[in-house]
Amino acid sequence: MSASQPDGAIEIRLNGKPHMATAEQTISQLLEQLGLDPRVLVVEMNRQIIRRTELGEIRLEAGDVIELVHFVGGG
Amino acid sequence: MSASQPDGAIEIRLNGKPHMATAEQTISQLLEQLGLDPRVLVVEMNRQIIRRTELGEIRLEAGDVIELVHFVGGG
Amino acid sequence: MSASQPDGAIEIRLNGKPHMATAEQTISQLLEQLGLDPRVLVVEMNRQIIRRTELGEIRLEAGDVIELVHFVGGG
Amino acid sequence: MSASQPDGAIEIRLNGKPHMATAEQTISQLLEQLGLDPRVLVVEMNRQIIRRTELGEIRLEAGDVIELVHFVGGG
Amino acid sequence: MAVTTTDQPEGQRAELEDPLVIAGRRFHSRLILGTGKYASNDEMVETIRAAGAEMVTVAVRRVDLDATNRESILHHLDPAEFFLLPNTAGCYSAEEAVRYSRLGRETGLSDWVKLEVIGDQETLLPDTAQLLEAAETLVAEGFTVLAYTNDDLITALRLQELGVAAVMPLASPIGSGQGLLNELNIRLIKRRLDVPVIVDAGVGTASDASVTMEQGVDGILMNTALAEADRPVLMGHAMRHAVRAGRLAYLAGRMEKREWAVPSSPLEGMLA
Amino acid sequence: MAVTTTDQPEGQRAELEDPLVIAGRRFHSRLILGTGKYASNDEMVETIRAAGAEMVTVAVRRVDLDATNRESILHHLDPAEFFLLPNTAGCYSAEEAVRYSRLGRETGLSDWVKLEVIGDQETLLPDTAQLLEAAETLVAEGFTVLAYTNDDLITALRLQELGVAAVMPLASPIGSGQGLLNELNIRLIKRRLDVPVIVDAGVGTASDASVTMEQGVDGILMNTALAEADRPVLMGHAMRHAVRAGRLAYLAGRMEKREWAVPSSPLEGMLA
Amino acid sequence: MAVTTTDQPEGQRAELEDPLVIAGRRFHSRLILGTGKYASNDEMVETIRAAGAEMVTVAVRRVDLDATNRESILHHLDPAEFFLLPNTAGCYSAEEAVRYSRLGRETGLSDWVKLEVIGDQETLLPDTAQLLEAAETLVAEGFTVLAYTNDDLITALRLQELGVAAVMPLASPIGSGQGLLNELNIRLIKRRLDVPVIVDAGVGTASDASVTMEQGVDGILMNTALAEADRPVLMGHAMRHAVRAGRLAYLAGRMEKREWAVPSSPLEGMLA
Amino acid sequence: MAVTTTDQPEGQRAELEDPLVIAGRRFHSRLILGTGKYASNDEMVETIRAAGAEMVTVAVRRVDLDATNRESILHHLDPAEFFLLPNTAGCYSAEEAVRYSRLGRETGLSDWVKLEVIGDQETLLPDTAQLLEAAETLVAEGFTVLAYTNDDLITALRLQELGVAAVMPLASPIGSGQGLLNELNIRLIKRRLDVPVIVDAGVGTASDASVTMEQGVDGILMNTALAEADRPVLMGHAMRHAVRAGRLAYLAGRMEKREWAVPSSPLEGMLA
């Protein structure tokens, strides 16, 4: 959808904000880069929930909308 | 729907009960026969409301479902 | 106050009712006769509380008003 | 009780405060001097209520304690 | 809130210009009465007059062809004296309620309807889903809809969006006489709606009516509190005063409550 | 309870003959007002008239000799229009209350007194021991005593034995506006006493007055609820209606409360 | 208010050191029970244990010489396990109450007495004049007096002046189960007194006990709520929890009430 | 209602086997807690333990990538100790609530969800139309749905028909602390439903919890009452007792209320 950058960087939307990711990067790699533990969060990509087992297989593309959510205190 | 009687009498359903009426009778005639004042009631025939002005024009047929309603005390 | 009987019996008032006691009888003896344990009741004689230690010393006279009270369930 | 002044003036206590009055003055005269209408107030002198009819007869003496009261708004 | 005390020499008879306006129609009384369950038609009419009500509800029912007396309630309630509001009491679906509404309108008196869709026989609580559906249909057909509902703000807001002329939340179940069980919900509804809010059902006695009006609502509809009082006509008088009392107290702005006492007579000027 | 509806053509203006009788004196209104804490004398008088009160209380205080305006409240309250009831507000002992009572009587208006003996500055709750003592003295001196007391039945019974003309239990502390905190105690007092029971103090708004009258009491005395309302005159009107509403509802006999609903429209005659 | 949570690994079993101290004597439980009206002595004892009460009241009555079972309640209530508090229930004068107090003390258990002087058979409300007289006599004779009274602050202050060890205002009439009718009066009494305030009479169910303790009072005495429950032992457990719940909530300091809602989950972090 | 007192020597420690069962899962505690708004995670955990809650709710939110602390609440709430119930707080449509529910389930803890669809920002009242739609979808997807709703019986019945595991009517608005505003509605819901009824939102203090449980409901969910208490851990203890107190009182069957008094001590055996 949106343009990929010349140097292999792509822009995605991450938790509501623009984010530069590496083209062909898997979601697992993204999480690692962000220092996040995949066991306590859930990933939604383009409105689809991504199973934990698939995180290492799915590769980011420019324009992907990623939501990383977890549990917080709430009543 | 239901059979008309040999002697020109037809069976209609009036306020939930079987009622013998004269074939070709208008609704106005039915009301008169019943001693009812058309100005304070409303007639529904086969789920259609009949305007007061039409009461003298519409003729009963066997199987017609007639409801005669009016206002009663209620909260 | 009231007349003592010829045979040494005297009439006292015990818990609101007339009661025949032996003249010169001590309160301890009265209680024993009634089968009552002095340790769980209190004796009032003529509106005076009688200490437990005095029960063996005080002798009944005709007309004495004796109240034997104890604890019962109450709120 | 208290000393009368050389010039015929006497000190009384009026509504909780010292007040200089003329010796031999009647209560009626005092009220007139104060500009008060005797019909809507009540006079207490030395803890005795003074009838309205007596106001012209009773003369002040040094040390008299006078209370002038009336109705005010209250619940 | 334009409230004007009419000019007059004696305060105790002063009355206020403070009409209830629904769909452009003005009513002097904020009390609307049902006409069911009275011992006699005479008692009903006398009670309505004692209560000073101008609008009364009526039900749509079959003419009883087996009865000798088949007269309509219109023989007792002159439409020139009272504004008759047909209801859809007894209807358990949107479709049924729409049917009754149309029949009621066909009498030719007006296009107003007090819309009820009941959800449960035991409690007579409204089925709000069916209610919203019926309201939408009737508004589209040009009815002036006064919608009996529960005390849920969200449903009330949705009814207003659909274009009803008045929202009528309950105080407590119909005929229960339990009074206003949830003051907060009624206050919330009144604060948030622009259309008139008429509390309908549950009022049991005069103070219930006063406390309800003190929440700021525009009016009250009641029936059983009058019809089942030992002396309905007297209770009619009571309710007339009670509705006015609550309304005036709301407009007057009540004192703040205090945990401690404050004297009503001056502290100064005590004797020594 | 002889209640008669006056003969008249229009129900909504019907008034009832149901006077309050204290010590043989009849009052048409069951509402008694205090005269303290108003912004102006005009507002006070206008409010009293709006409320329709015939009896009003006044306090006995020193003439303020330092003030330019030393006028008595009698300049504003004509004894021909209002029955003035002197109180003993601010008195903390039987002796003091007796002294104020005598001063009040000496104005020549009547031998009535609203007897208060306060036991605590913070709550203004009555000291019932001193109250009983003062009541005994004043009754012996021929006073018509209306005794402000707490909501204790035993004290109320004792006051009646002593010969007071009316017992005046509180609804909640003076000036608190908390309303009727203990309905049961007021009902108990009313059921057991023969002399009139006037609830005095604590009413905050119209529904408080209605609910109080619905307990069966004979009248209400209030002050702060009117004087501290945002618009006292309007609140006067409100209270006039509220007291009447509660009284009439009591006389009318309210419906029973039910846990379940009961329809107001007929179950029969529904369409198929 | 020195409240310490005892050190322990599991929060859900944490208990608090928060004893009730009357006349220097410490009680772990703030619940005091009456011992009347149970179906059997076994049920009574089991209920008291379920409720965790340490102090129980007993009445002083004649030994029934006509009965085969003349045993004292001491056969069922071991003074080593329970602290017995004799009452003067059924006494209608100061003189009578003093007589019963002396008889109760003569059992040799203690010099404590729960002093009641009843003023009326129908309501069992206290006669405060007689109560004050009896309290004065008994304090002078060295009794530790716990005085059952109404909810009048002035009487409570006077009882404290006379030297009683605890003031015991009622929540509602004895055996009525109406709960705490006047929260304000109980709060006023608690705020102003230094001696322990034990609410006595009127509690009907668990929430009544909780709401009473939340006013800040030191303890509650009850009897009928347990003895007349369908299952007294279960209600004993309920009351043990209820008194503790109300006490802890009072110490914990409740949240403020709000007219509007406030979310419990964060507003930030919602998905787009 | 099979309630068994466990065998044990001391009554005051007796506990009852009376588990809360939802969708086949047993909980010993009838108290469910929210985890929002605590001053710290430690205080939250300590409070939950004090309250003895086994089930706690959590919200689903974006990881805050700007914060240094990005840890999930799972770092503080061990799923081995607590049963975590994801909620859909903050969702305003069925679609949104379904999305959050699926995300919550994906954590792999369970397929339970506390379903909320809010209808209004100011009051946080539920949108029952959207709620029913979301419930239908989620039940079809195999979720165990606990549905937060208002106190309307008709909606509650419809939710049950749709197959929810528990119905969770409010006591008063979320975070308002107003307590149980409409006891009747909660009783009606409980009497008519077969699935568990858990009152959710509005409880402010211990007695609110007791009175709610006394209506017969199966449990309570609360958050603000603890998080905003002056001392949350103490309030946790209070609520643990309060829920148990109310539950036990319900099971024990309370005494009847009476207008008149009944003595707790025998009338016979008085001295002459």
Side-chain angles (χ1 to χ4, degrees), chain A residues 1-2 5 9-75, chain H residues 32-38 40-41 43-45 48 56-68 70-77 79 84-90 95 99-109 114 116 124 148 174-175 200-201 221-228:
Chain A
M1 229 165 269
S2 104
Q5 307 296 316
I10 54 170
E11 184 177 327
I12 62 170
R13 197 148 187 92
L14 179 64
N15 279 9
K17 292 180 181 170
H19 181 87
M20 298 311 295
T22 317
E24 299 294 302
Q25 195 178 27
T26 64
I27 300 177
S28 287
Q29 288 166 337
L30 173 69
L31 296 180
E32 201 176 345
Q33 209 172 45
L34 293 167
L36 296 173
D37 179 351
R39 289 169 306 176
V40 293
L41 54 75
V42 175
V43 180
E44 192 198 68
M45 185 167 91
N46 304 329
R47 287 280 182 145
Q48 289 290 116
I49 291 175
I50 308 302
R51 290 276 145 86
R52 214 161 279 157
T53 52
E54 301 170 306
L55 295 176
E57 296 161 21
I58 294 176
R59 292 181 190 280
L60 297 172
E61 292 179 25
D64 279 343
V65 178
I66 306 287
E67 297 280 1
L68 308 177
V69 306
H70 64 169
F71 285 154
V72 301
Chain H
I32 306 171
L33 293 190
T35 57
K37 301 197 284 186
Y38 285 91
S40 71
N41 284 313
E43 186 180 71
M44 175 193 70
V45 174
I48 295 169
V56 297
T57 62
V58 291
V60 173
R61 291 290 181 274
R62 282 175 173 163
V63 177
D64 184 354
L65 300 173
D66 298 331
T68 46
R70 302 166 177 183
E71 64 184 20
S72 154
I73 202 164
L74 293 177
H75 283 101
H76 302 282
L77 292 172
L84 270 64
L85 178 65
N87 69 26
T88 63
E95 189 192 352
R99 182 182 180 197
Y100 276 72
S101 300
R102 290 172 182 156
L103 289 168
R105 176 162 66 173
E106 198 59 27
T107 55
L109 294 177
K114 185 196 147 193
E116 303 183 26
L124 301 179
Y148 164 69
I174 294 174
D200 180 1
L221 192 157
M222 56 181 89
N223 189 336
T224 311
L226 300 168
E228 289 194 2

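Only this structure's heavy atoms are used, side chains among them; waters, hydrogens and symmetry mates stay out. Here is how names work: the chains are called A, B, and so on, in the same order as the sequence lines, proteins then strands, and each is numbered from 1.
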Turns out that what part of A/Val42 lies under 4.5 Å from chain H's heavy atoms comes down to side chain
Turns out that what part of H/Leu84 lies under 4.5 Å from chain A's heavy atoms comes down to side chain
Interface check, chain A: of H/Lys37, H/Arg102, H/Arg99, most non-hydrogen pairs under 4.5 Å belong to H/Arg99
Most heavy-atom pairs under 4.5 Å with chain H, out of A/Val72, A/Val40, A/Ile50, belong to A/Val72
One should read off an interatomic distance between H/Glu116 CD and H/Ser101 OG, to the nearest 0.5 angstrom, of 10.5 Å
When the 4.5 angstrom heavy-atom criterion is applied to A/Leu68 and chain H, the contacting part is both
Comparing A/Glu44, A/Arg39, A/Lys17, A/His19 against chain H, the one with the most heavy-atom pairs below 4.5 Å turns out to be A/Glu44
Here the pair of heavy atoms bringing H/Asn223 nearest to A/Gly75 is ND2-CA, 3.1 Å
Most heavy-atom pairs under 4.5 Å with chain A, out of H/Ile73, H/Val58, H/Val63, belong to H/Val63
Please determine whether the number of non-hydrogen atoms from other residues, nucleotides or ligands lying under 6.0 Å from atom CD of A/Glu61 exceeds 12. no
The interface call for A/Leu34 against chain H, heavy-atom contacts under 4.5 Å, is both
When the 4.5 angstrom heavy-atom criterion is applied to H/Leu77 and chain A, the contacting part is neither
Turns out that what part of H/Leu65 lies under 4.5 Å from chain A's heavy atoms comes down to side chain
Is there a side-chain contact between A/Met45 and A/Val65 (heavy atoms, below 4.5 Å)? no
(request) Find out whether H/Tyr148 and H/Asn87 are in side-chain contact, i.e. whether some heavy atom of one side chain is under 4.5 Å from a heavy atom of the other. (result) no
Turns out that what part of A/Arg47 lies under 4.5 Å from chain H's heavy atoms comes down to side chain
Tightest non-hydrogen contact, residues H/Tyr100 and H/Val60, listed as CE2-O, 3.3 Å
Honestly, the part of H/Lys114 sitting under 4.5 Å from a heavy atom of chain A is side chain
| task | Measure the shortest side-chain to side-chain distance between H/Pro79 and H/Leu74 over non-hydrogen atoms and say whether it is less than 4.5 angstrom. | result | yes
Between A/Arg51 and H/Glu106, is there a side-chain N and carboxylate O pair less than 4.0 Å apart?
yes
